There are 2 protein chains.
Amino acid sequence: MAQQILKTAAIEKSSHLEYFNIATSVDCVLFGYEQKQLKVLVIKSDLQEFMGLWSLPGDFVRVDEDIDDASYRVLQQRTGLNDVYLEQVHAFGSVNRHPSGRVITIAYYSLIDITNHQLRLTDNELHWHPVFELSKMAFDHKLILDTCLQRLQEKVMEQPVVFNLLPGKFSLRELQDVNEAILGVELDRRNFRKRISLKNWLEDLNEMEEDVPHRPGKLYKLKDELLRHGKKELHEIS
Amino acid sequence: MAQQILKTAAIEKSSHLEYFNIATSVDCVLFGYEQKQLKVLVIKSDLQEFMGLWSLPGDFVRVDEDIDDASYRVLQQRTGLNDVYLEQVHAFGSVNRHPSGRVITIAYYSLIDITNHQLRLTDNELHWHPVFELSKMAFDHKLILDTCLQRLQEKVMEQPVVFNLLPGKFSLRELQDVNEAILGVELDRRNFRKRISLKNWLEDLNEMEEDVPHRPGKLYKLKDELLRHGKKELHEIS
DNA sequence: ATACAATATGTACTAATAACACAATAGCTC
DNA sequence: GAGCTATTGTGTTATTAGTACATATTGTAT
(Lines give C-alpha, C1' and ligand atoms only; values in the text may rest on other atoms or scores of the structure.)
Protein backbone atom coordinates (compact mmCIF):
# COMPACT_ATOMS: atom_id res chain seq x y z
CA MET A 1 0.00 0.00 0.00
CA ALA A 2 2.09 2.89 -1.25
CA GLN A 3 1.92 5.96 0.95
CA GLN A 4 0.97 8.95 -1.16
CA ILE A 5 3.50 11.77 -0.99
CA LEU A 6 1.98 15.22 -1.21
CA LYS A 7 3.85 17.78 -3.24
CA THR A 8 3.40 21.49 -3.47
CA ALA A 9 2.98 22.92 -6.91
CA ALA A 10 6.37 24.61 -6.62
CA ILE A 11 8.13 21.34 -5.92
CA GLU A 12 6.30 19.71 -8.78
CA LYS A 13 7.31 22.39 -11.21
CA SER A 14 10.99 22.08 -10.40
CA SER A 15 10.82 18.32 -10.87
CA HIS A 16 9.22 18.62 -14.28
CA LEU A 17 11.29 21.33 -15.90
CA GLU A 18 12.24 19.08 -18.77
CA TYR A 19 8.63 19.14 -19.95
CA PHE A 20 8.64 22.89 -20.42
CA ASN A 21 10.31 22.32 -23.72
CA ILE A 22 7.41 22.24 -26.10
CA ALA A 23 6.01 25.40 -27.61
CA THR A 24 2.30 25.94 -28.15
CA SER A 25 0.87 27.94 -31.00
CA VAL A 26 -2.54 28.79 -32.35
CA ASP A 27 -3.41 28.69 -36.04
CA CYS A 28 -6.48 30.40 -37.39
CA VAL A 29 -8.52 29.29 -40.33
CA LEU A 30 -10.25 32.52 -41.27
CA PHE A 31 -12.96 31.86 -43.79
CA GLY A 32 -14.36 34.53 -46.03
CA TYR A 33 -16.79 34.65 -48.92
CA GLU A 34 -16.31 36.54 -52.13
CA GLN A 35 -17.49 36.09 -55.69
CA LYS A 36 -19.50 33.00 -54.77
CA GLN A 37 -16.39 31.27 -53.46
CA LEU A 38 -15.40 30.21 -49.98
CA LYS A 39 -11.99 31.66 -49.26
CA VAL A 40 -9.42 31.39 -46.53
CA LEU A 41 -6.84 33.89 -45.40
CA VAL A 42 -3.34 32.58 -46.07
CA ILE A 43 0.14 33.99 -45.92
CA LYS A 44 3.34 32.98 -47.66
CA SER A 45 5.46 30.90 -45.32
CA ASP A 46 8.54 32.73 -44.12
CA LEU A 47 10.48 29.53 -43.52
CA GLN A 48 13.01 28.46 -46.09
CA GLU A 49 11.85 24.87 -45.66
CA PHE A 50 8.41 25.80 -46.99
CA MET A 51 9.40 28.44 -49.49
CA GLY A 52 6.58 29.35 -51.83
CA LEU A 53 3.89 27.54 -49.88
CA TRP A 54 0.89 29.12 -48.22
CA SER A 55 0.39 28.82 -44.50
CA LEU A 56 -2.30 29.78 -42.03
CA PRO A 57 -1.92 32.84 -39.87
CA GLY A 58 -0.83 31.83 -36.41
CA ASP A 59 1.50 32.66 -33.59
CA PHE A 60 3.02 31.26 -30.46
CA VAL A 61 0.95 31.38 -27.32
CA ARG A 62 2.53 33.70 -24.78
CA VAL A 63 3.22 32.51 -21.30
CA ASP A 64 0.76 34.97 -19.78
CA GLU A 65 -2.01 34.58 -22.34
CA ASP A 66 -5.02 32.25 -22.54
CA ILE A 67 -5.10 30.19 -25.71
CA ASP A 68 -8.41 31.73 -26.76
CA ASP A 69 -6.89 35.17 -26.30
CA ALA A 70 -3.96 34.17 -28.46
CA SER A 71 -6.30 33.27 -31.30
CA TYR A 72 -8.15 36.57 -30.92
CA ARG A 73 -4.81 38.34 -31.04
CA VAL A 74 -3.91 36.64 -34.31
CA LEU A 75 -7.32 37.50 -35.70
CA GLN A 76 -6.96 41.12 -34.66
CA GLN A 77 -3.44 41.37 -36.09
CA ARG A 78 -4.46 40.07 -39.47
CA THR A 79 -7.93 41.48 -39.95
CA GLY A 80 -8.38 44.25 -37.40
CA LEU A 81 -11.45 42.44 -36.11
CA ASN A 82 -12.02 41.38 -32.55
CA ASP A 83 -15.73 40.88 -32.25
CA VAL A 84 -16.40 37.83 -34.37
CA TYR A 85 -17.16 34.27 -33.59
CA LEU A 86 -14.07 32.11 -33.17
CA GLU A 87 -14.24 28.45 -32.37
CA GLN A 88 -11.59 26.00 -31.28
CA VAL A 89 -11.56 22.87 -33.39
CA HIS A 90 -8.66 20.57 -32.67
CA ALA A 91 -5.11 20.36 -31.35
CA PHE A 92 -2.43 19.04 -33.68
CA GLY A 93 0.63 17.59 -32.04
CA SER A 94 2.69 15.25 -34.18
CA VAL A 95 6.30 15.27 -33.13
CA ASN A 96 7.65 16.43 -36.45
CA ARG A 97 4.95 18.78 -37.59
CA HIS A 98 7.16 21.87 -37.19
CA PRO A 99 10.78 22.02 -38.35
CA SER A 100 11.75 24.61 -35.76
CA GLY A 101 11.26 22.27 -32.86
CA ARG A 102 8.44 20.68 -30.99
CA VAL A 103 5.40 22.86 -31.49
CA ILE A 104 1.88 21.79 -30.69
CA THR A 105 -0.76 23.92 -32.34
CA ILE A 106 -4.38 24.53 -31.53
CA ALA A 107 -6.60 25.31 -34.49
CA TYR A 108 -9.47 27.80 -34.52
CA TYR A 109 -11.77 28.88 -37.26
CA SER A 110 -13.73 32.03 -37.80
CA LEU A 111 -16.00 33.56 -40.41
CA ILE A 112 -15.32 37.02 -41.75
CA ASP A 113 -17.40 39.36 -43.87
CA ILE A 114 -14.64 40.19 -46.35
CA THR A 115 -16.41 42.95 -48.16
CA ASN A 116 -17.04 45.09 -45.11
CA HIS A 117 -13.69 44.80 -43.39
CA GLN A 118 -10.35 45.76 -44.81
CA LEU A 119 -7.45 43.46 -44.09
CA ARG A 120 -4.38 44.81 -42.42
CA LEU A 121 -2.23 44.06 -45.38
CA THR A 122 1.15 44.40 -43.77
CA ASP A 123 2.57 42.86 -46.87
CA ASN A 124 1.20 41.59 -50.11
CA GLU A 125 1.90 38.00 -49.25
CA LEU A 126 -1.30 37.88 -47.22
CA HIS A 127 -4.40 37.18 -49.23
CA TRP A 128 -7.78 35.49 -49.53
CA HIS A 129 -7.38 32.21 -51.38
CA PRO A 130 -10.20 29.98 -52.68
CA VAL A 131 -10.44 27.10 -50.23
CA PHE A 132 -10.91 24.47 -52.88
CA GLU A 133 -7.85 25.62 -54.82
CA LEU A 134 -5.31 24.87 -52.11
CA SER A 135 -3.72 21.46 -52.37
CA LYS A 136 -0.36 21.75 -50.67
CA MET A 137 0.41 24.00 -47.77
CA ALA A 138 3.26 24.55 -45.33
CA PHE A 139 3.48 22.44 -42.16
CA ASP A 140 0.36 20.33 -41.62
CA HIS A 141 -1.80 23.30 -42.50
CA LYS A 142 -3.70 21.51 -45.23
CA LEU A 143 -4.86 18.97 -42.67
CA ILE A 144 -5.80 21.77 -40.30
CA LEU A 145 -7.73 23.55 -43.01
CA ASP A 146 -9.58 20.37 -43.98
CA THR A 147 -10.46 19.63 -40.38
CA CYS A 148 -11.86 23.11 -39.84
CA LEU A 149 -13.72 23.02 -43.14
CA GLN A 150 -15.35 19.77 -42.13
CA ARG A 151 -16.43 21.27 -38.83
CA LEU A 152 -17.87 24.27 -40.62
CA GLN A 153 -19.75 22.02 -43.04
CA GLU A 154 -21.27 20.09 -40.15
CA LYS A 155 -22.47 23.27 -38.51
CA VAL A 156 -23.59 25.38 -41.38
CA MET A 157 -27.15 24.13 -41.81
CA GLU A 158 -27.68 23.47 -38.11
CA GLN A 159 -26.59 26.62 -36.39
CA PRO A 160 -26.67 30.28 -37.39
CA VAL A 161 -22.95 30.72 -37.97
CA VAL A 162 -22.75 31.50 -41.63
CA PHE A 163 -24.25 34.96 -41.27
CA ASN A 164 -20.85 36.23 -40.21
CA LEU A 165 -19.78 35.82 -43.82
CA LEU A 166 -22.48 38.13 -45.10
CA PRO A 167 -23.29 41.80 -44.77
CA GLY A 168 -26.05 42.70 -42.34
CA LYS A 169 -28.71 42.70 -45.06
CA PHE A 170 -28.92 39.90 -47.54
CA SER A 171 -31.34 38.11 -49.80
CA LEU A 172 -32.22 34.46 -49.51
CA ARG A 173 -30.38 33.83 -52.75
CA GLU A 174 -27.18 35.23 -51.27
CA LEU A 175 -27.63 33.08 -48.19
CA GLN A 176 -28.13 30.03 -50.34
CA ASP A 177 -25.06 30.85 -52.40
CA VAL A 178 -22.94 30.97 -49.25
CA ASN A 179 -24.25 27.63 -48.09
CA GLU A 180 -23.56 26.10 -51.46
CA ALA A 181 -20.05 27.52 -51.51
CA ILE A 182 -19.32 26.00 -48.11
CA LEU A 183 -20.87 22.62 -48.79
CA GLY A 184 -19.68 22.38 -52.35
CA VAL A 185 -23.07 21.18 -53.57
CA GLU A 186 -26.14 22.71 -55.16
CA LEU A 187 -29.26 23.00 -53.06
CA ASP A 188 -32.87 23.01 -54.14
CA ARG A 189 -34.16 26.55 -53.75
CA ARG A 190 -37.62 25.73 -52.43
CA ASN A 191 -36.37 23.19 -49.93
CA PHE A 192 -33.62 25.51 -48.80
CA ARG A 193 -36.09 28.28 -48.13
CA LYS A 194 -38.37 25.95 -46.27
CA ARG A 195 -35.54 24.75 -44.04
CA ILE A 196 -34.42 28.26 -43.30
CA SER A 197 -37.90 29.47 -42.51
CA LEU A 198 -38.34 26.48 -40.19
CA LYS A 199 -35.24 27.55 -38.26
CA ASN A 200 -36.80 30.94 -37.62
CA TRP A 201 -33.46 32.70 -37.73
CA LEU A 202 -34.36 35.59 -39.99
CA GLU A 203 -36.20 38.86 -39.75
CA ASP A 204 -37.89 40.26 -42.85
CA LEU A 205 -36.66 43.81 -43.38
CA ASN A 206 -39.42 44.73 -45.84
CA GLU A 207 -36.76 46.03 -48.17
CA MET A 208 -35.81 44.93 -51.62
CA GLU A 209 -32.55 44.37 -53.42
CA GLU A 210 -31.58 47.19 -55.71
CA ASP A 211 -29.57 47.42 -58.89
CA VAL A 212 -29.96 43.81 -59.81
CA PRO A 213 -30.69 43.02 -63.46
CA HIS A 214 -33.79 41.00 -62.66
CA ARG A 215 -36.68 40.85 -60.28
CA PRO A 216 -35.26 41.95 -56.89
CA GLY A 217 -35.52 39.74 -53.86
CA LYS A 218 -36.54 40.62 -50.34
CA LEU A 219 -33.86 41.50 -47.84
CA TYR A 220 -33.48 39.82 -44.48
CA LYS A 221 -31.25 40.10 -41.47
CA LEU A 222 -30.29 37.64 -38.76
CA LYS A 223 -32.34 38.16 -35.63
CA ASP A 224 -30.36 40.25 -33.20
CA GLU A 225 -30.42 37.70 -30.42
CA LEU A 226 -28.69 35.16 -32.64
CA LEU A 227 -25.66 37.27 -33.48
CA ARG A 228 -22.49 35.65 -32.26
CA HIS A 229 -19.68 37.98 -31.60
CA GLY A 230 -16.62 38.17 -29.44
CA LYS A 231 -16.24 35.32 -27.06
CA LYS A 232 -19.87 34.86 -26.40
CA GLU A 233 -20.87 31.29 -27.04
CA LEU A 234 -24.38 30.43 -28.06
CA HIS A 235 -25.06 26.76 -27.76
CA GLU A 236 -27.43 24.58 -29.62
CA ILE A 237 -29.82 27.03 -31.13
CA SER A 238 -32.41 25.51 -33.36
CA MET B 1 6.45 47.11 -49.60
CA ALA B 2 8.22 45.20 -46.88
CA GLN B 3 10.78 42.76 -48.20
CA GLN B 4 10.13 39.33 -46.78
CA ILE B 5 13.09 37.89 -44.91
CA LEU B 6 13.37 34.13 -45.17
CA LYS B 7 14.48 32.32 -42.07
CA THR B 8 15.57 28.77 -41.62
CA ALA B 9 13.77 26.77 -38.97
CA ALA B 10 16.93 26.70 -36.87
CA ILE B 11 17.17 30.47 -36.85
CA GLU B 12 13.52 30.75 -35.97
CA LYS B 13 13.83 28.40 -33.06
CA SER B 14 16.68 30.32 -31.48
CA SER B 15 14.74 33.56 -31.79
CA HIS B 16 11.67 32.10 -30.08
CA LEU B 17 13.19 30.28 -27.17
CA GLU B 18 11.13 32.24 -24.69
CA TYR B 19 8.02 30.50 -26.01
CA PHE B 20 9.31 27.08 -25.07
CA ASN B 21 8.17 27.80 -21.57
CA ILE B 22 4.71 26.29 -21.52
CA ALA B 23 4.17 22.64 -20.71
CA THR B 24 1.58 20.52 -22.49
CA SER B 25 -0.29 17.71 -20.85
CA VAL B 26 -3.05 15.31 -21.77
CA ASP B 27 -5.94 14.47 -19.46
CA CYS B 28 -8.11 11.44 -20.04
CA VAL B 29 -11.77 11.14 -19.19
CA LEU B 30 -12.14 7.38 -19.00
CA PHE B 31 -15.79 6.45 -18.83
CA GLY B 32 -16.99 3.15 -17.52
CA TYR B 33 -20.36 1.57 -16.76
CA GLU B 34 -21.22 -0.40 -13.65
CA GLN B 35 -24.41 -1.01 -11.71
CA LYS B 36 -26.47 1.04 -14.16
CA GLN B 37 -24.30 4.09 -13.55
CA LEU B 38 -21.92 5.97 -15.79
CA LYS B 39 -18.59 6.21 -14.03
CA VAL B 40 -15.30 7.95 -14.62
CA LEU B 41 -11.85 6.96 -13.50
CA VAL B 42 -10.46 9.51 -11.04
CA ILE B 43 -7.45 9.72 -8.81
CA LYS B 44 -6.81 11.71 -5.66
CA SER B 45 -4.81 14.80 -6.49
CA ASP B 46 -1.24 14.63 -5.23
CA LEU B 47 -0.92 18.40 -5.01
CA GLN B 48 -1.24 20.04 -1.62
CA GLU B 49 -3.25 22.82 -3.23
CA PHE B 50 -5.99 20.35 -4.17
CA MET B 51 -5.76 18.01 -1.23
CA GLY B 52 -8.73 15.71 -0.99
CA LEU B 53 -10.07 16.49 -4.46
CA TRP B 54 -10.41 14.06 -7.32
CA SER B 55 -8.56 14.67 -10.55
CA LEU B 56 -8.45 13.06 -13.97
CA PRO B 57 -5.57 10.81 -14.93
CA GLY B 58 -3.13 12.68 -17.11
CA ASP B 59 0.50 13.35 -17.75
CA PHE B 60 2.86 15.71 -19.45
CA VAL B 61 3.46 15.21 -23.13
CA ARG B 62 7.05 14.20 -23.76
CA VAL B 63 9.15 16.08 -26.23
CA ASP B 64 9.47 13.09 -28.52
CA GLU B 65 5.88 11.88 -28.30
CA ASP B 66 2.78 12.67 -30.36
CA ILE B 67 -0.09 14.00 -28.27
CA ASP B 68 -2.31 11.07 -29.24
CA ASP B 69 0.43 8.69 -28.12
CA ALA B 70 0.65 10.49 -24.80
CA SER B 71 -3.05 9.89 -24.19
CA TYR B 72 -2.66 6.22 -25.09
CA ARG B 73 0.24 6.01 -22.67
CA VAL B 74 -1.88 7.42 -19.85
CA LEU B 75 -4.67 5.01 -20.72
CA GLN B 76 -2.27 2.08 -20.73
CA GLN B 77 -0.71 3.13 -17.43
CA ARG B 78 -4.00 3.34 -15.66
CA THR B 79 -6.02 0.55 -17.19
CA GLY B 80 -3.59 -1.75 -18.97
CA LEU B 81 -5.61 -1.22 -22.14
CA ASN B 82 -4.24 0.00 -25.43
CA ASP B 83 -6.76 -1.07 -28.00
CA VAL B 84 -9.78 1.06 -27.26
CA TYR B 85 -11.28 4.05 -28.91
CA LEU B 86 -9.86 7.35 -27.68
CA GLU B 87 -11.03 10.68 -28.99
CA GLN B 88 -9.62 14.16 -28.59
CA VAL B 89 -12.20 16.66 -27.43
CA HIS B 90 -10.76 20.04 -26.57
CA ALA B 91 -7.67 21.92 -25.42
CA PHE B 92 -7.88 23.88 -22.19
CA GLY B 93 -5.43 26.71 -21.80
CA SER B 94 -6.35 29.33 -19.24
CA VAL B 95 -3.28 30.98 -17.84
CA ASN B 96 -3.94 29.99 -14.27
CA ARG B 97 -5.46 26.58 -14.66
CA HIS B 98 -2.45 24.82 -13.14
CA PRO B 99 -0.68 26.02 -10.01
CA SER B 100 2.66 24.50 -11.00
CA GLY B 101 3.13 26.83 -13.93
CA ARG B 102 1.74 27.38 -17.34
CA VAL B 103 0.32 24.07 -18.49
CA ILE B 104 -2.00 23.68 -21.44
CA THR B 105 -3.88 20.40 -21.45
CA ILE B 106 -5.55 18.47 -24.20
CA ALA B 107 -8.54 16.39 -23.16
CA TYR B 108 -9.43 12.96 -24.50
CA TYR B 109 -12.21 10.61 -23.63
CA SER B 110 -12.53 6.87 -23.90
CA LEU B 111 -15.02 4.16 -23.02
CA ILE B 112 -13.94 1.15 -21.02
CA ASP B 113 -15.66 -2.13 -20.27
CA ILE B 114 -15.02 -2.08 -16.53
CA THR B 115 -16.15 -5.58 -15.74
CA ASN B 116 -13.80 -7.30 -18.16
CA HIS B 117 -10.62 -5.36 -17.50
CA GLN B 118 -8.86 -5.02 -14.20
CA LEU B 119 -7.43 -1.66 -13.36
CA ARG B 120 -3.80 -1.32 -12.56
CA LEU B 121 -4.48 -0.18 -9.05
CA THR B 122 -1.07 1.17 -8.20
CA ASP B 123 -2.68 2.68 -5.16
CA ASN B 124 -6.13 2.74 -3.72
CA GLU B 125 -6.65 6.39 -4.52
CA LEU B 126 -7.60 5.46 -8.07
CA HIS B 127 -11.22 4.48 -8.51
CA TRP B 128 -14.36 4.53 -10.62
CA HIS B 129 -16.61 7.35 -9.48
CA PRO B 130 -20.20 7.96 -10.55
CA VAL B 131 -20.06 10.80 -13.07
CA PHE B 132 -23.11 12.57 -11.71
CA GLU B 133 -21.78 12.56 -8.16
CA LEU B 134 -18.72 14.69 -8.82
CA SER B 135 -19.23 18.35 -8.18
CA LYS B 136 -15.82 19.77 -7.36
CA MET B 137 -12.57 18.49 -8.80
CA ALA B 138 -8.95 19.57 -8.83
CA PHE B 139 -7.72 22.04 -11.48
CA ASP B 140 -10.37 22.69 -14.15
CA HIS B 141 -11.10 18.99 -14.33
CA LYS B 142 -14.81 19.39 -13.67
CA LEU B 143 -15.06 21.55 -16.77
CA ILE B 144 -13.06 19.01 -18.73
CA LEU B 145 -15.29 16.20 -17.53
CA ASP B 146 -18.44 18.11 -18.44
CA THR B 147 -17.12 18.95 -21.88
CA CYS B 148 -16.27 15.32 -22.59
CA LEU B 149 -19.58 14.13 -21.22
CA GLN B 150 -21.41 16.50 -23.51
CA ARG B 151 -19.46 15.19 -26.49
CA LEU B 152 -20.28 11.64 -25.51
CA GLN B 153 -23.97 12.48 -25.16
CA GLU B 154 -24.00 13.99 -28.63
CA LYS B 155 -22.46 10.88 -30.14
CA VAL B 156 -24.10 8.11 -28.26
CA MET B 157 -27.26 7.66 -30.32
CA GLU B 158 -25.61 8.55 -33.61
CA GLN B 159 -22.49 6.45 -33.75
CA PRO B 160 -21.62 3.01 -32.43
CA VAL B 161 -19.33 4.11 -29.63
CA VAL B 162 -21.12 2.94 -26.55
CA PHE B 163 -20.45 -0.71 -27.18
CA ASN B 164 -17.00 -0.25 -25.72
CA LEU B 165 -18.69 0.04 -22.32
CA LEU B 166 -20.32 -3.36 -22.61
CA PRO B 167 -19.10 -6.94 -22.75
CA GLY B 168 -19.06 -8.59 -26.16
CA LYS B 169 -22.52 -10.11 -25.69
CA PHE B 170 -25.35 -8.04 -24.37
CA SER B 171 -29.12 -7.79 -24.40
CA LEU B 172 -31.05 -4.87 -25.77
CA ARG B 173 -32.12 -3.99 -22.25
CA GLU B 174 -28.47 -3.68 -21.19
CA LEU B 175 -27.76 -1.50 -24.20
CA GLN B 176 -30.71 0.70 -23.37
CA ASP B 177 -29.60 0.98 -19.75
CA VAL B 178 -26.20 2.23 -20.86
CA ASN B 179 -27.74 4.82 -23.12
CA GLU B 180 -30.01 6.00 -20.34
CA ALA B 181 -27.10 6.20 -17.91
CA ILE B 182 -25.16 8.37 -20.32
CA LEU B 183 -28.01 10.63 -21.32
CA GLY B 184 -29.54 10.82 -17.87
CA VAL B 185 -33.06 10.28 -19.23
CA GLU B 186 -35.45 7.38 -19.64
CA LEU B 187 -36.10 6.09 -23.13
CA ASP B 188 -39.15 4.35 -24.51
CA ARG B 189 -38.30 0.70 -25.02
CA ARG B 190 -40.10 0.17 -28.30
CA ASN B 191 -38.81 3.34 -29.89
CA PHE B 192 -35.31 2.62 -28.69
CA ARG B 193 -35.34 -0.84 -30.22
CA LYS B 194 -36.69 0.52 -33.47
CA ARG B 195 -33.96 3.14 -33.67
CA ILE B 196 -31.26 0.61 -32.95
CA SER B 197 -32.59 -1.85 -35.49
CA LEU B 198 -32.69 0.96 -38.07
CA LYS B 199 -28.99 1.61 -37.45
CA ASN B 200 -28.20 -1.97 -38.35
CA TRP B 201 -25.29 -2.13 -35.94
CA LEU B 202 -26.10 -5.44 -34.26
CA GLU B 203 -25.77 -9.10 -35.02
CA ASP B 204 -28.22 -11.52 -33.43
CA LEU B 205 -26.25 -14.25 -31.66
CA ASN B 206 -29.22 -16.63 -31.30
CA GLU B 207 -28.37 -16.96 -27.66
CA MET B 208 -30.34 -16.07 -24.58
CA GLU B 209 -29.54 -14.43 -21.30
CA GLU B 210 -29.13 -16.89 -18.45
CA ASP B 211 -29.67 -16.68 -14.72
CA VAL B 212 -32.04 -13.76 -14.88
CA PRO B 213 -35.12 -13.92 -12.64
CA HIS B 214 -37.51 -13.22 -15.50
CA ARG B 215 -38.04 -13.96 -19.12
CA PRO B 216 -34.54 -13.93 -20.68
CA GLY B 217 -33.71 -11.64 -23.57
CA LYS B 218 -31.84 -12.37 -26.74
CA LEU B 219 -28.13 -11.64 -26.88
CA TYR B 220 -26.50 -9.49 -29.53
CA LYS B 221 -23.05 -8.33 -30.44
CA LEU B 222 -21.79 -5.33 -32.36
CA LYS B 223 -21.00 -6.21 -35.95
CA ASP B 224 -17.29 -6.86 -36.27
CA GLU B 225 -16.70 -4.20 -38.90
CA LEU B 226 -17.99 -1.51 -36.54
CA LEU B 227 -15.60 -2.23 -33.69
CA ARG B 228 -13.42 0.74 -32.95
CA HIS B 229 -10.14 -0.05 -31.42
CA GLY B 230 -6.70 1.42 -31.17
CA LYS B 231 -6.23 4.48 -33.22
CA LYS B 232 -8.44 3.47 -36.05
CA GLU B 233 -11.01 6.14 -36.77
CA LEU B 234 -14.35 5.28 -38.25
CA HIS B 235 -16.17 8.30 -39.51
CA GLU B 236 -19.83 8.94 -39.86
CA ILE B 237 -21.28 5.50 -39.74
CA SER B 238 -25.00 5.39 -39.91
C1' DA C 1 -44.20 44.88 -76.35
C1' DT C 2 -41.33 41.19 -75.91
C1' DA C 3 -37.64 38.47 -74.10
C1' DC C 4 -35.03 37.51 -70.23
C1' DA C 5 -33.63 36.26 -65.57
C1' DA C 6 -34.50 35.55 -61.33
C1' DT C 7 -38.07 35.56 -57.37
C1' DA C 8 -41.88 33.48 -54.87
C1' DT C 9 -44.64 29.79 -53.71
C1' DG C 10 -47.17 24.60 -52.70
C1' DT C 11 -48.04 19.65 -53.08
C1' DA C 12 -47.24 14.79 -52.91
C1' DC C 13 -44.12 11.24 -51.33
C1' DT C 14 -40.97 9.32 -48.10
C1' DA C 15 -38.48 8.83 -43.77
C1' DA C 16 -37.91 9.56 -38.93
C1' DT C 17 -39.78 10.38 -34.41
C1' DA C 18 -43.07 10.01 -30.48
C1' DA C 19 -46.76 8.19 -27.98
C1' DC C 20 -48.79 4.29 -26.54
C1' DA C 21 -50.84 -1.43 -24.86
C1' DC C 22 -50.89 -6.26 -24.76
C1' DA C 23 -49.46 -11.07 -25.10
C1' DA C 24 -45.62 -14.37 -24.00
C1' DT C 25 -42.05 -16.44 -21.06
C1' DA C 26 -38.99 -17.85 -17.42
C1' DG C 27 -38.09 -17.97 -12.42
C1' DC C 28 -39.87 -17.86 -7.82
C1' DT C 29 -43.06 -18.93 -4.07
C1' DC C 30 -46.16 -21.46 -1.89
C1' DG D 1 -47.88 -27.29 -10.42
C1' DA D 2 -50.71 -22.98 -9.90
C1' DG D 3 -50.29 -18.60 -9.68
C1' DC D 4 -47.46 -14.48 -9.14
C1' DT D 5 -43.91 -11.36 -10.71
C1' DA D 6 -40.77 -9.15 -13.69
C1' DT D 7 -39.32 -8.42 -18.00
C1' DT D 8 -39.19 -9.50 -23.02
C1' DG D 9 -41.03 -8.83 -27.60
C1' DT D 10 -43.86 -6.65 -30.85
C1' DG D 11 -47.06 -2.88 -34.14
C1' DT D 12 -50.11 1.12 -35.18
C1' DT D 13 -51.15 5.78 -35.46
C1' DA D 14 -50.07 10.67 -35.52
C1' DT D 15 -46.64 14.19 -36.13
C1' DT D 16 -42.81 16.20 -38.00
C1' DA D 17 -38.90 16.79 -41.14
C1' DG D 18 -36.91 15.91 -45.68
C1' DT D 19 -36.98 15.39 -50.80
C1' DA D 20 -38.45 15.98 -55.49
C1' DC D 21 -40.53 18.79 -58.51
C1' DA D 22 -43.49 23.19 -61.91
C1' DT D 23 -45.82 27.44 -62.53
C1' DA D 24 -46.94 32.21 -62.08
C1' DT D 25 -44.79 36.79 -61.03
C1' DT D 26 -41.88 40.85 -61.33
C1' DG D 27 -38.52 43.94 -62.70
C1' DT D 28 -34.80 45.08 -66.33
C1' DA D 29 -33.03 45.34 -70.97
C1' DT D 30 -33.76 45.69 -75.80
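These numbers come from a predicted model, not from an experiment. Chain identifiers are assigned alphabetically (A, B, ...) following the order of the sequence lines, protein sequences preceding nucleic acid strands; residue numbering begins at 1 within each chain.
A 6.0 Å sphere centred on NZ of Lys169(A) holds no more than 12 heavy atoms belonging to other residues, nucleotides or ligands. Annotation for Glu210(B): atom CD does not count as buried by contact number, only 12 or fewer foreign heavy atoms lying within 6.0 Å.
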Whether each nucleotide of nucleotides 25-30 of chain C has a protein heavy atom under 4.0 Å at its base (B), only at its sugar-phosphate (S) or at neither (-) is summarised, 5' to 3', as BBS---
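Atom CZ in Arg195(B) sits about 20 Å away from atom C1' in dG9(D), given to the nearest Å. Taking atom NZ of Lys218(A) as the reference point, atom P of dT26(D) lies 13 Å away to the nearest angstrom. Here the C1' atom of nucleotide dA8(C) and the CD atom of Glu209(A) are 13 Å apart, to the nearest Å. Distance Phe170(B) CZ to dT7(D) P: 20 Å, rounded to the nearest Å.
Taking the centre and axis of the six-membered ring of Trp54(B), the NZ or CZ atom of Lys44(B) falls inside the cone set by 45° and 6.0 Å.
Interface residues of residues 176-194 of chain A facing DNA chain D, ordered by number: Asp188(A), Arg190(A), Asn191(A), Lys194(A); criterion, heavy-atom separation under 4.0 Å.
Between Phe92(A) and Phe139(A), the distance from one ring center to the other does not fall under 6.0 angstrom. Here Trp201(B) and Tyr220(B) keep their ring centres 6.0 angstrom or further from each other.
Atom-to-atom distance recorded for Leu165(A):CG and Ile112(A):CD1 is 8.5 Å, nearest 0.5 angstrom. Once rounded to the nearest 0.5 Å, the distance linking OH of Tyr33(A) with CG of Asp113(A) reads 11.5 Å.
The closest donor-acceptor contact from the side chain of Glu180(B) to the backbone of Leu187(B) lies under 3.5 Å.
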Taking only Watson-Crick and G-U wobble pairs with both distances under 3.5 Å, what dot-bracket line describes DNA chain C, where [ ] shows pairs that cross earlier ones and | shows pairs with another strand? ||||||||||||||||||||||||||||||
Given the rule in the side-chain contact (heavy atoms from CB on, under 4.5 Å) test, do Val131(A) and Phe31(A) qualify, once you have shown the distances and angles that lead to the verdict? CA-CA 8 Å; Val131(A) 166; Phe31(A) 290 110; 4.0 Å; yes
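Residues Glu87(A) and Lys155(A) are paired through a salt bridge, judged by an N-O separation under 4.0 Å between the basic side chain and the carboxylate.
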